[in-house]
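The figures here come from the full heavy-atom set of this structure, side chains too, leaving out hydrogens, waters and symmetry mates. Below, chain A is the first sequence line, B the second, and so on; all start at residue 1. Please read these numbers as outputs of a predicted model, since none were measured by experiment.
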2 protein chains.
Amino acid sequence: MDNSIFIGTKPFMNYVTAVVMQFTTKNSNEIIIKARGKFISRAVDVAEVSTKRFLDSQVSVKDIKIDSEEFQNNEGRQVRVSTIEITLARN
Amino acid sequence: MDNSIFIGTKPFMNYVTAVVMQFTTKNSNEIIIKARGKFISRAVDVAEVSTKRFLDSQVSVKDIKIDSEEFQNNEGRQVRVSTIEITLARN
């Protein structure tokens, strides 16, 4: 079972619900919230709201990694983008 | 000496230069990049570009913390905002 949630343009609460459901109805022990570029701020919001408002004292941030990815954009130019992976785990 | 750099609306390279200077000309061993809300993505970019493009093999990410702050907005409503602190340290 895949335990990654990739943050993009969907409504904010969709992601929070997805995270909360993974821990409650799907009984996961650990999930990873992933995002790139401008969605990194949103990934942090999802982690904070999920753990503090909905899963307080049950789940917390276990690890945070940042990195860079290189890719070619539409004009063939090499572009760097930052990434984040926030691991949430059951206490 | 304060070793925090707070990320806001200034040009991106100003922050990268500030980080690089702290380690080179000011000889710091550790600096903390801080940001709130939508500037969190930018803080990650500053950390990635500083460590990988300018201080590669000299400085790396030592710790990342995320948290939430509550404050009252102009209409007197209680608002939550996410925060990040990225600690960079000499290898």
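Under a 3.5 Å cut-off, the side chain of B:S41 and the backbone N or O of A:S41 do form a donor-acceptor pair.
In terms of non-hydrogen atom pairs under 4.5 Å with chain B, the most contact-rich of A:D67, A:I84, A:V49 is A:D67.
By the rule that hydrophobic residues join a cluster once side-chain heavy atoms approach within less than 4.5 Å of another member, A:F12 and B:I40 end up as members of one cluster. A:V79 and A:V81 fall within the same hydrophobic cluster, defined by Ile, Leu, Val, Met, Phe, Trp and Tyr side-chain heavy atoms under 4.5 Å apart, directly or through other members.
In this structure, CD1 in A:I66 is found 4.5 Å from CD1 in B:I64, a value given to the nearest 0.5 Å.
Heavy-atom contacts from other residues, nucleotides or ligands closer than 6.0 Å to CE of A:M13 number more than 12.
Judged by distance alone, the side chains of B:E48 and A:S68 do bring a donor and an acceptor atom under 3.5 Å apart.
Contact annotation for residues 50-58 of chain A against chain B (heavy-atom separation below 4.5 Å, listed by residue number): A:K52, A:R53.
Using a 4.5 Å cut-off between heavy atoms, B:A47 touches chain A through its side chain atoms alone. In this structure, the portion of B:V61 lying under 4.5 Å from any heavy atom of chain A is its side chain and not its backbone.
Side-chain atoms of A:R80 and B:D45, non-hydrogen and from C-beta on, do get closer than 4.5 Å to each other.
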